[in-house]
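These notes are about the structure you will find just below.
Computed from a predicted model, the values in this text were never measured in an experiment. Lettering follows sequence order; numbering is per chain, from 1.
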Amino acid sequence: MVTPPLPPAKASADDLLDWYDRHRRALPWRALPGTTPDPYRVWMSEIMLQQTTVRAVKPYFEKFLTLFPTVSDLADAPTDAVMTAWAGLGYYSRARNLHACAKAVVERHGGVFPADESALRALPGIGEYTAAAIASIAFGLPAVVVDGNVERVIARVHAVEEPLPGAKPLIKRLTAAIAPAERPGDFAQAMMDLGATICTPKSPACGLCPWREPCTGRREGTADTFPRKTPKREGVPRRGAAFVALREDGAILLGTREPKGLLGGMAEVPGTVWSSDHDATGVDHGAPLPAAWKRSLGTVTHVFTHFPLELDVHVARIPAGTDAPAGLRWVATTALGGEALPSVMRKVVEHGLAALGVDARQR
DNA sequence: CACGCGTGGCC
DNA sequence: TGGCCAAGCGT
């Protein structure tokens with residue numbers, strides 16, 4: 001007589017927490033087992049980790065904690081200091097909201113983060129995910145934390161056929177059904193660690209997974225095909241020109257972008273608008289000041305989330321003593337590290353200075 | 001709800 | 001190498 005096959009085991013929080021206790025990673029913002037987490041550090045890390053890898057976040061987290069040890073220090077800091085410290089990390093609205101949130105915590109809550117999911121949710125830059133993450137990790141509240149990792153893990157465990165983002169409500173219910181009453185913060189972090197290290201987007205290490213037995217995707221050999229996603233449209237390429245003006249004393253001309261929108265509030269090299277109309281870019285039309293502009297060889301390319309950008313870089317040497325046009329300023333090339341220059345603009349400066357024959361060691 | 005919003009690493 | 005992806009939020 002043959003024993004009928006048992007129904008698959010249900011994914012259990014205990015199995016996941018056991019795995020977490022054995023593989024917990026030490027991270028700068030993560031409290032040691034048995035110690036109380038610091039909500040300021042938890043919040044700071046959660047904002048920085050939005051759409052950003054742990055590797056990229058680490059040095060910025062350390063820098064911010066050194067520059068702004070408490071939420072009050074951050075609230076009192078000038079905007080320029082916050083934006084400059086954030087430069088290079090991307091998604092700059094996070095930095096503006098970080099600053100606004102620090103001020104709101106001081107004004108609304110006396111400088112103490114509220115131990116309440118809806119009060120957290122009402123703060124700038126804190127959405128559904130981040131409010132739940134802070135509530136569970138910093139305060140031990142039973143919030144249901146669903147980020148991209150959790151979506152992937154749950155979609156595989158249950159072989160969810162509905163594509164994202166439509167499947168979000170279903171995935172949240174499935175997550176809530178597994179979540180334990182105890183250790184909600186550790187459970188949330190365990191789910192995210194599992195997604196980041198084992199249940200990865202490509203080539204998941206199913207053999208090492210604490211949920212390899214109950215996982216439907218694993219059993220059917222289709223784990224790596226989840227989660228399903230609705231295809232998104234591709235962006236139309238845009239082009240423009242940028243102007244690197246090098247004065248004899250070694251300064252270049254910079255401006256500041258509009259406070260909102262793409263690269264809002266960040267520093268930039270002056271240039272034309274970026275347009276998808278291929279005829280829109282004149283040769284040196286849009287130069288910030290009259291000079292013997294010369295188009296440099298090649299272009300600077302940069303790919304944003306929603307469109308690729310190609311910039312022609314024009315260069316000119318400017319006589320000493322020339323004043324900056326309205327809205328622009330001269331900045332020594334040796335002082336560019338103190339500017340809130342996004343990566344695309346660092347590429348432009350590098351490209352322009354190389355075309356002008358400035359030695360890399362002088363930059 | 002679909003879209004706008006950076007950057008760096010991966011194969 | 002180019003396309004995909006990473007602990008989302010605001011509008």
Side-chain angles (χ1 to χ4, degrees), chain A residues 25 27-30 41-61 83 86-98 100-101 120-138 143 145-153 163-169 172 175 185 187-197 199-204 224 227 229-238 257-268 274 301-309 340-347:
Chain A
R25 291 184 290 173
L27 296 172
W29 47 85
R30 187 170 277 179
R41 297 169 70 92
V42 172
W43 164 72
M44 180 75 71
S45 69
E46 289 300 337
I47 300 301
M48 289 184 169
L49 285 164
Q50 289 166 6
Q51 299 288 280
T52 308
T53 59
V54 167
R55 173 190 295 269
V57 163
K58 274 182 181 174
Y60 284 86
F61 179 83
M83 298 308 292
W86 194 277
L89 194 54
Y91 283 133
Y92 298 98
S93 66
R94 291 186 298 173
R96 296 191 290 273
N97 285 330
L98 186 86
C101 183
L120 289 165
R121 178 68 181 81
L123 292 165
I126 297 184
E128 184 179 0
Y129 158 75
T130 304
I134 297 172
S136 66
I137 296 170
V145 180
V146 180
D147 73 333
N149 287 306
V150 176
E151 286 174 352
R152 186 168 58 254
V153 170
L164 289 171
K168 282 173 180 285
K172 183 153 188 174
T175 306
F187 177 76
Q189 291 175 93
M191 291 279 274
M192 294 188 280
D193 275 14
L194 187 68
T197 62
C199 197
T200 50
K202 295 173 187 172
S203 309
D224 63 350
K229 289 182 183 177
T230 52
K232 50 187 165 189
R233 293 183 5 222
E234 64 177 79
V236 178
R238 300 183 199 178
R257 295 180 63 86
E258 293 299 310
K260 293 192 173 184
L262 180 65
L263 304 175
M266 302 298 288
E268 69 173 351
W274 303 340
T301 61
H302 190 79
V303 181
F304 292 100
T305 310
H306 50 299
F307 69 93
L309 175 66
L341 271 185
S343 293
V344 60
M345 288 300 156
R346 294 196 182 276
K347 288 186 201 173

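Among residues two or more places apart in sequence or in another chain, the ring-ring contact (aromatic ring centres under 6.0 Å, His included) test is passed with A:F61 by A:W29. Looking at residues two or more places apart in sequence or on another chain, you find a side-chain hydrogen bond (donor to acceptor under 3.5 Å, both in side chains) between A:R257 and A:E268. Here A:R238 pairs with nothing under the salt bridge (charged side-chain N to carboxylate O under 4.0 Å, His left out) rule; sequence neighbours left out. Under the side-chain contact (heavy atoms from CB on, under 4.5 Å) criterion, A:A87 pairs with A:M266, A:A340, sequence neighbours left out. Looking at residues two or more places apart in sequence or on another chain, you find a salt bridge (charged side-chain N to carboxylate O under 4.0 Å, His left out) between A:D193 and A:R25, A:R30. Legend: residues meeting salt bridge (charged side-chain N to carboxylate O under 4.0 Å, His left out) with A:R121, ordered by chain and number and at least two apart, are absent. Annotation: side-chain hydrogen bond (donor to acceptor under 3.5 Å, both in side chains) contacts of A:T52 (sequence neighbours excluded): A:R94. With sequence neighbours excluded, no residue forms a salt bridge (charged side-chain N to carboxylate O under 4.0 Å, His left out) with A:K58.
Contacts of A:R30 with the nucleic acid, taken as non-hydrogen atoms under 4.0 Å apart, include base atoms. Using a 4.0 Å heavy-atom cutoff across all strands shown, A:D193 reaches at least one base atom of the nucleic acid.
Put simply, CE on A:M192 is 9 Å from P on C:dG8, counting in whole angstrom units. A:D224 has its CG atom 16 Å from the P atom of C:dC4, to the nearest Å. A:I126 has its CD1 atom 9 Å from the P atom of C:dC9, to the nearest Å. Atom CG in A:L120 sits about 17 Å away from atom P in C:dG8, given to the nearest Å. Spacing between atom CD1 of A:I47 and atom C1' of C:dG8 amounts to 9 Å, rounded to whole angstrom units. With rounding to whole Å, A:L164 atom CG is found 12 Å from C:dG8 atom P. When rounded to the nearest whole Å, the span between CD of A:E151 and P of C:dA6 equals 10 Å.
Residues from residues 127-138 of chain A lying near DNA chain B, meaning a heavy-atom separation below 4.0 Å, are absent.
Atom name P, nucleotides B:dG6 and C:dT11: the rounded distance is 14 Å, in whole Å.
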Let me check something: any side-chain donor-acceptor pairs from residues 125-138 of chain A under 3.5 Å, sequence neighbours excluded? List them with distances.
unit_1 : atom_1 : unit_2 : atom_2 : d
A:E128 : OE2    : A:K172 : NZ     : 2.5
A:Y129 : OH     : A:E46  : OE1    : 2.6
A:T130 : OG1    : A:Q50  : NE2    : 3.1
A:S136 : OG     : A:A132 : O      : 3.1
A:S136 : OG     : A:A133 : O      : 3.2

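Contact detail for A:W86 and A:Y91: the closest heavy-atom pair is NE1-O, 3.9 Å.
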Item to check | Dot-bracket notation for DNA chain B, counting Watson-Crick and G-U pairs under 3.5 Å, with | for partners on another strand | outcome: .||||.|||||

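The closest side-chain heavy-atom distance from A:M191 to A:V145 is not below 4.5 Å.
Toward the 5' end of DNA chain C, the nearer of the two residues A:G195 and A:R121, judged by each one's closest nucleotide, is A:G195.
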Checklist outcome for this item: Expected string for nucleotides 5-11 of chain B under the B/S/- scheme (protein heavy atoms, under 4.0 Å, primed atoms plus P, OP1, OP2 as sugar-phosphate) is BBBS---

